[in-house]
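See below for the structure under consideration.
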Amino acid sequence: MLPETNLNGPPALVCRNSIIQAYSPLVSLISSHTADELAETLGFDSFLQLLRPFGCGLEGLFKTKTPQLVTKTFSEFSVRFLGSIMELLSVQVADSDYQLGQTRQHVPYPQLYKQNSLELLMAEYIKQANIEIKAEDNPILLDDSLPKAAGGAVDIRNSIYLKYFTKLVSSPTIVSFETFNHPVAQLFVVSVNDQMEKLAVLVHTFKHFQLPKYINPEDILLHVCIVSELDGASEKQFQQAIKAELGLASSVLILRGTGERTTVRHAVTSIEEDLQDIHLPSHRANSTIYATDAAAIREFVANMLQFQLLPFMERRILSWDDQVVSPRKSITGKFFSVSKRMFGSGPNPKLFIQQALHEYNAMEGFYHHLAPEQIIRKAADWLFMMRDYKTAYANYELLKKDFLTSKAWAYSASAQEFAIVAMLMGTSYTIPPTSLSPRTVTRALIDTSAPITNLTKVCTEIVAPYLDNLSYSYLSRANLRTFNARAIVVIGELLLGTNPWYVSSLTNVWLTKLIDQNIGHIGQCLVHERISYAHSISVHTAAKVLVSVEPDEPEEEDTFVNSAKLPERNYATMGLTRDRKAALWALIASREWDPVAKPTQVALCLQSTQAVYDPARLTWIGRENELLGKLQKGLSY
Amino acid sequence: MSYYLAMIGTQDNPIYELEFGSFRQGNDGTSKFNPEMKELNPFILHAALDIIEDVQWETNTLYLKAIDNFYGHLISAYVTPGNVKFLLLHETKNEEAIRHFFTDINDLYVKVLLSPFYNANDPIISPSFDVKVKTLAKKYL
C-alpha cells in the first residue's frame with residue numbers, strides 16, 4: 001500500500017531549493033540616511049527591508065564559469081541581503097551565549113541559533129497554523145517566504161517542518177570555519193541628493209573597520225547604488241564623481257513611487273526578526289510595493305548579480321585555484337605538505353611571523369585569511385554558492401586531512417558536512433514517489449535507475465563515516481550542538497531526496513540519535529514526524545512498478561470463490577514498503593506532541609496512521625491500555 | 001530482563017500474546033517494561049512485520065534471528081511454514097536460546113492446529129497451551 005498523499009513533510013525538492021537559497025552569495029548593505037528616508041516614503045523601515053524580498057528567485061540568464069572553464073547557465077539565481085557586517089558582528093559579540101572563557105577546554109564559537117528562540121518561534125508558528133487548520137479544511141501556505149512546492153501550495157502541516165528546516169539553514173551567524181555568511185559584496189546605498197562626502201564617510205568607516213582576522217577585506221566586492229526618484233542627468237555626474245574619487249563602480253536605481261501596487265514575498269528572515277514580527281505586529285514589514293518599482297529593483301539586483309557579483313566571484317575562484325588549490329593538488333604540493341607535517345620547517349626567526357599567518361590559531365580557533373586552508377575553504381564555499389558542487393566537493397575533500405592534523409575540529413567537522421552536502425546536491429536525484437501520481441512514478445523510475453548502484457556504496461563509504469566523525473567533532477570537541485542538528489537534518493533531507501529505499505535506514509539512525517541530543521521539545525516532535533515520513537516514502541522500486549499498473553477489471557459475479565481459502569492480502573507489495581514502521585513513528589510523534597497540549601497535531605498524526613491502523617482489520621488496535629487507545633481517549637476530552 | 005511474545009496470524013492478527021520476565025539471575029518471572037514501553041510493545045512488533053515480510057524470502061530457515069531493533073530492544077522472529085509469525089521483543093542478544101524457544105513453541109502450535117475445533121488465525125485460548133509456553137519461557141529465557 002502506498003500512501004496516497006504526502007502529508008508528512010515537504011518533498012525533498014523543496015528542501016533542496018531552500019538549501020540553494022540559504023547558501024547563496026551574501027550581500028551586506030549600508031544605506032545612507034536619505035536613502036532610508038526614501039524607503040520610508042514607500043512604506044518600509046529601511047532600505048534593507050525594501051531590497052531584501054528581491055534577493056531570492058531572481059529570473060534572468062545567469063552564466064557562471066567553473067575553474068575548468070566550463071560555462072553553466074541558470075535561469076534563476078538568488079542572493080541574500082543582510083545588514084552591514086559591522087552590525088552583525090557587534091550583535092553577535094553582545095550575545096550572552098558568546099562569552100570568551102565560558103568553556104575553558106573549547107574554543108568558544110557562537111552557536112548557530114538560540115535554541116530557546118527557535119522553540120518559541122515554532123510554538124508561535126504552530127499556534128497560527130492550528131488556527132488556520134481549524135478555520136478551513138482547504139489548507140494554504142502560511143508563510144509566503146517559504147518556497148512553494150512544484151505541485152502548488154504545500155499544506156500547513158508540511159509548512160511547519162519546512163519552517164523549522166528553513167530556520168536551521170538560514171542563520172546569519174558569522175563563524176570562522178564557514179564562509180557562507182562572510183559577505184561577498186558590500187553595497188553602499190546613497191540617494192542622488194546625498195553629498196559625495198557622505199558616501200566617502202560610509203566607505204571610509206567600512207574600510208577602516210577591524211574585520212575579524214579570518215575575513216579578508218579584499219575579497220569583498222564594493223559597489224554603490226544610487227537611488228533617485230526621477231530620471232535626470234545628475235546621476236551620471238554622480239557616478240563619474242564616484243568613479244574618479246573613490247574608484248568604485250556604481251549603478252542607478254530609479255524608484256518613481258507611483259502606479260499600481262503589487263505584493264512582494266516575505267524575505268527569508270532570521271529567527272529573532274521573525275519573533276519580533278510576531279510580538280510587534282506594528283513593525284511588520286510592508287508587503288506591497290509599486291509595480292514599476294518592483295520591476296526596477298528586480299532589474300537592478302539581477303544586473304548587479306550578472307555583471308558584477310558573478311564575474312567577481314569567478315575571477316577570485318580562478319585565481320585561488322591557480323595559486324593555492326592546484327599546487328596543493330599536485331604531487332610536489334602533497335610531498336611538501338607531508339614533509340612539513342613530519343619534520344617541521346626548522347627554527348628560522350625570519351619566517352616566524354609569516355608562518356604564524358599560515359597556521360591554525362588553536363587559542364582562538366581560526367585560520368588567518370591568508371592561510372591556504374582558509375582560502376581553499378573559501379573557494380569551496382564560493383563554488384558551492386555558484387552551484388559547482390563537484391569542484392566544491394573536491395576542495396572540501398582536499399581540506400579534510402589538513403584540518404585533522406592541525407586539530408581544527410570545528411573546521412574539520414564543517415568541511416566534512418559540506419563535503420556530503422555538496423556531493424548530494426551534485427548527484428542527480430529522484431523525486432520521492434509520494435509526490436507523484438503512479439503513472440509518473442514509472443517514468444521517474446526509468447530516468448533515475450542508474451545512480452542507485454552507486455548510492456549504497458556512497459552511503460557506506462562516505463556519508464556514514466563522515467557523519468560519525470563530524471557529529472562527534474561538533475558535539476564533543478567543539479561544543480556546537482546547533483551545528484550538529486543542522487548537519488543531520490540537512491544531510492538526512494538530501495539523502496531522502498535520492499532513493500529512500502536504500503538510504504532511509506541511515507537517515508533514521510541519525511535522526512533517532514538527534515532526538516536524544518537536546519534539540520528542544522518541538523524539534524523532537526518534528527524529527528519524530530520526519531522519521532515517520534522517511535519510512536513512509538521508502539518504497540522498493542519493484543513495488544512502485546506494481547502499484548503503477550492499472551488495476552484489473554473486477555471479476556464477474558458467477559466466478560467460483562473458495563470460501564475456505566484465506567483471503568488475499570497485499571502480496572504485490574509485501575515486504576517492499578515500510579508503512580507499518582511509518583505508522584509506529586507517527587504514533588510516537590503524537591505521544592510526544594501530547595493530546596492535551598497540541599490536540600490538532602496529534603489528530604493529524606493519527607490521521608496519517610489510519611490506513612495502517614484500521615480497526616476493521618486489526619481488532620487489537622483500540623485497546624484502552626495501549627498507546628493508540630490512550631491517545632484517542634485523550635483527544636476525545 | 002523482560003520479554004514480550006506475540007504470535008501473529010496471516011492477517012496481521014495476534015493469535016497469542018504473552019508478556020513475561022526471566023527467572024534467571026534472581027528475577028521472579030515478571031516483566032519490568034517501563035510504562036512508556038509497555039503501551040508501545042504491540043505496535044513495535046506490528047512494525048517489525050514490515051521487516052519480516054522483506055527478509056523472510058531471503059533465507060531457507062524458519063528462524064530469522066534478530067531482524068529489527070527499537071531503542072536498544074531487539075526483535076527476533078520465526079516464520080512457520082503456514083506464514084504464522086512468532087515475534088519476541090527482548091533486551092539482550094541470545095540467539096541460540098531463542099531459537100530453541102521458538103522451535104518448541106512451533107511444536108506446540110502444530111499441536112493446536114491439529115485440533116479439529118481450531119481454525120487457522122483464531123486466537124489460541126487453551127489454558128494448557130498458555131501453561132506450556134510459560135514453562136518453555138522459564139526453561140530457555
Side-chain angles (χ1 to χ4, degrees), chain A residues 1 501 504-505 508-509 512-513 515-516 531-532 535-536 538-540 542-543 564-588 590-592 609 612-631 633-634, chain B residues 4 6-19 31 33-59 64 67-73 75 77 79-85 87 89 113 119-125:
Chain A
M1 268 193 308
W501 177 258
S504 67
S505 59
N508 291 328
V509 165
T512 320
K513 280 187 191 176
I515 291 172
D516 300 332
I531 296 177
S532 165
H535 279 302
S536 74
S538 99
V539 179
H540 192 268
K565 264 173 103 177
L566 290 172
E568 223 174 287
R569 268 192 40 241
N570 57 339
Y571 289 133
T573 57
M574 193 186 229
L576 303 178
T577 61
R578 294 281 178 269
D579 288 348
R580 296 175 184 130
K581 285 242 157 201
L584 170 70
W585 282 97
L587 196 65
I588 302 171
S590 39
R591 178 168 77 183
E592 288 292 318
T609 67
V612 178
Y613 294 150
D614 178 10
R617 212 163 56 76
L618 304 174
T619 42
W620 56 276
I621 216 84
R623 288 176 190 166
E624 277 194 4
N625 59 341
E626 278 162 12
L627 187 53
L628 188 65
K630 281 183 187 171
L631 288 171
K633 204 174 167 191
Chain B
Y4 179 70
M7 295 165 70
I8 311 286
T10 56
Q11 300 297 311
D12 290 1
N13 53 321
I15 54 178
Y16 179 78
E17 287 168 85
L18 180 67
E19 196 178 313
S31 78
F33 285 117
N34 57 19
E36 283 186 355
M37 193 69 188
K38 204 168 175 154
E39 60 186 14
L40 211 54
N41 281 342
F43 296 95
I44 296 170
L45 292 192
H46 178 251
L49 291 177
D50 265 343
I51 314 285
I52 295 182
E53 287 180 354
D54 192 10
V55 298
Q56 75 181 117
W57 315 109
E58 290 164 9
T59 168
L64 304 176
I67 46 144
D68 196 7
N69 64 329
F70 181 84
Y71 273 108
H73 288 72
I75 295 135
V79 184
T80 70
N83 204 19
V84 171
K85 290 124 187 158
L87 292 165
L89 184 72
L113 272 183
N119 289 324
N121 284 340
D122 278 357
I124 303 173
I125 45 171

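None of the values given here were measured: they were computed from a predicted structure. Chain naming here is simple, since letters A, B, ... match the order of the sequence lines and numbering starts at 1 in each.
- Contact annotation for B/Asn121: only side-chain heavy atoms (C-beta onward) come within less than 4.5 Å of a heavy atom of chain A.
- Taking a cutoff of 4.0 Å between a charged side-chain nitrogen and a carboxylate oxygen, A/Arg591 and B/Glu39 qualify as a salt bridge.
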Applying side-chain contact (heavy atoms from CB on, under 4.5 Å) to A/Thr577 and B/Glu53, what does each step give before you reach the verdict? CA-CA 9 Å; A/Thr577 61; B/Glu53 287 180 354; over 6 Å; no

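- A/Ile588 touches chain B through its side chain: at least one heavy atom from C-beta onward sits under 4.5 Å away, while N, CA, C and O do not.
- Ring geometry for B/Phe43 against A/Trp620 counts as tilted: the plane angle lies between 30° and 60°, on a 0 to 90° scale.
- In this structure, CG on A/Leu628 lies 10.5 Å from CG on B/Leu40, to the nearest 0.5 angstrom.
- Here the shortest heavy-atom pairing between A/Leu584 and B/Ala47 reads CD2-CB, 3.7 Å.
- Only the side chain of A/Ile515 comes within contact range of chain B, with heavy atoms under 4.5 Å apart.
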Kindly determine whether B/Lys38 and A/Asn625 satisfy side-chain contact (heavy atoms from CB on, under 4.5 Å), including the steps that lead there. CA-CA 9 Å; B/Lys38 204 168 175 154; A/Asn625 59 341; over 6 Å; no

Should A/Arg580 and B/Asp12 be marked as a side-chain contact (heavy atoms from CB on, under 4.5 Å) after you check the CA-CA gap, both sets of side-chain angles, and the distance that decides it? CA-CA 11 Å; A/Arg580 296 175 184 130; B/Asp12 290 1; 2.7 Å; yes

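- Heavy-atom distances place no part of B/Ile52 under 4.5 Å from chain A, backbone and side chain included.
- With a 4.5 Å cut-off on non-hydrogen atoms, B/Asn41 does not touch chain A at all.
- Contact check on B/Glu17 versus A/Arg623 returns a salt bridge, with a Lys/Arg side-chain nitrogen under 4.0 Å from an Asp/Glu carboxylate oxygen.
- Nearest heavy-atom pair, A/Leu618 versus B/Gln11, reported as atom, atom and distance to 0.1 Å: CD2-O, 4.2 Å.
- Between A/Arg578 and B/Ile51, the closest side-chain pair of non-hydrogen atoms falls below 4.5 Å.
- Taking the charged nitrogens against the carboxylate oxygens, B/Asp50 and A/Lys581 have no contact shorter than 4.0 Å, which rules out a salt bridge.
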